[in-house]
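So that the names make sense, note that chain A is the first sequence line, chain B the second, and so on, each numbered from 1.
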Number of protein chains: 2
Amino acid sequence: MTHKTHDTCQIKCINPERIARTLRGMDASSDLAGLADIFKMLGDVTRVRILKALFLEELCVCDIAAVLEMTQSAVSHQLRLLRGARLVKYRKEGKAVYYSLDDDHVKTLFDQGLEHVQQG
Amino acid sequence: MTHKTHDTCQIKCINPERIARTLRGMDASSDLAGLADIFKMLGDVTRVRILKALFLEELCVCDIAAVLEMTQSAVSHQLRLLRGARLVKYRKEGKAVYYSLDDDHVKTLFDQGLEHVQQG
DNA sequence: TTATTATATGAATAAATGCTCATATATTCA
DNA sequence: TGAATATATGAGCATTTATTCATATAATAA
């Protein structure tokens, strides 16, 4: 992921005008790295399954673990990432922590993604 | 990524009915792994930048490399993945290979993603 | 208090991933 | 033909990442 590119393309390029034009368009587009991060967050089977489960029903951590047939620890680690991305919210009830979709934010993210890739 | 879960959740779970209900809903939802793969493909800055550039203009490989300030090799490797996901198409012209967005397929993917995560 | 239960988290590990380097495959041109 | 150009690709490497294991934190119950 983070091999920094040090040197510029050495190849004699075919069409400098096209490159310049594209570069101007690229500058205009704001945060492509942030956009990639959004997709990266959704690009994991476990996280997608968790989101799907939470779409169906509010669940505590050990319920999610049972549904996915995974350890509590693995689920908890992924929930932390989803929390960080504000894709899920939670409430405490005694010892249990109940997670649910943060619907508005999920929708916002999708709209952003759609908008970006479809028209710039 | 591929640490297979061997044993089932050992914790005494809080609500078996909720788990059963959720499991029925999960079964109904088809290909969550495929859905995650779609997002994974879009979850990389280089690939997002390539798609953005190709949204703006049809470009040959060395043009893309110049725009992104990356090596031809790095770009070519990513183009291979994008080709495999049918997010881009290409045509040959002499020595050059011109890439462009496979718009219909990009749109289809987004619609699928949206549909899946938003309602099931 | 102590024991139990539910969750969170740091460290370690294995697998995946993106890039570089070298090289192979076309294609064009002299 | 041989040289130059454009692209593709395999191997190797470093980084990232998802999981496991052990343990910490917090809440409840005895």
Exercise for the section: Please state how far atom OH in Tyr90(A) lies from atom C1' in dA8(C), giving the value in whole angstrom units. Expected result: 11 Å
Completion exercise
Considering only heavy side-chain atoms of Ala96(A), the closest of dA6(D), dA18(D), dA6(C) is dA6(C)
Problem - Side-chain H-bond candidate by donor/acceptor type, Tyr99(A) with Arg83(A), under 3.5 Å - result: yes
Practice task
Kindly write out the residues that satisfy side-chain contact (heavy atoms from CB on, under 4.5 Å) with Thr46(B), not counting sequence neighbours, or none if the list is empty.
Solution key: Asp44(B), Ile50(B), Leu68(B), Met70(B), Gln78(B)
Exercise for the section: Report the distance from atom CZ of Arg91(A) to atom P of dT7(C), rounded to the nearest whole Å. Expected result: 12 Å
Practice task
Starting at atom CG of Leu79(B), determine the distance to atom P of dT9(D), rounded to an integer number of angstrom.
Solution key: 11 Å
Exercise for the section: Take atom CG of Asp63(B) and atom P of dA6(D), then tell me their distance rounded to the nearest Å. Expected result: 10 Å
Handout entry: Closest to side chain of Thr71(A), choosing from dA8(C), dT20(C), dT20(D)
Key = dT20(D)
Fill in the blank from the handout: Met41(B) CE to dG18(C) C1', in whole Å, measures 13 Å
Handout entry: Exceeds 12 heavy-atom contacts within 6.0 angstrom, atom OH of Tyr90(B)
Key = no
Problem - Interatomic distance, Tyr98(B) OH vs dT27(C) P [rounded to whole Å] - result: 16 Å
Exercise for the section: Verify, without hydrogens or angle tests, whether Arg47(B) (side chain) and Lys40(B) (backbone) share a donor-acceptor contact under 3.5 angstrom. Expected result: yes
Handout entry: Nearest to side-chain heavy atoms of Lys95(A), which nucleotide of dG18(C), dA8(D), dA27(D)
Key = dA27(D)
Exercise for the section: Give one of base, sugar-phosphate or nothing for Tyr99(B), where a contact means two heavy atoms less than 4.0 Å apart. Expected result: sugar-phosphate
Practice task
Take Arg18(B) and Asp63(A) through the test salt bridge (charged side-chain N to carboxylate O under 4.0 Å, His left out) and record every step on the way to the result.
Solution key: CA-CA 8 Å; Arg18(B) 203 163 38 213; Asp63(A) 284 346; 2.9 Å; yes
Problem - Test item: Lys89(B) side-chain N/O and Leu101(B) main-chain N/O as donor-acceptor pair under 3.5 Å - result: yes
Check nucleotides 9-11 of chain C for protein N or O atoms closer than 3.5 Å to its own N or O atoms and list the pairs.
residue	atom	partner	partner atom	Å
dT9(C)	OP2	Arg83(A)	NH2	3.3
dT9(C)	O4	Ser73(A)	OG	2.7
dG10(C)	O6	His77(A)	NE2	2.9

Completion exercise
Considering only heavy side-chain atoms of Val97(A), the closest of dA18(D), dT7(C), dC19(C) is dT7(C)
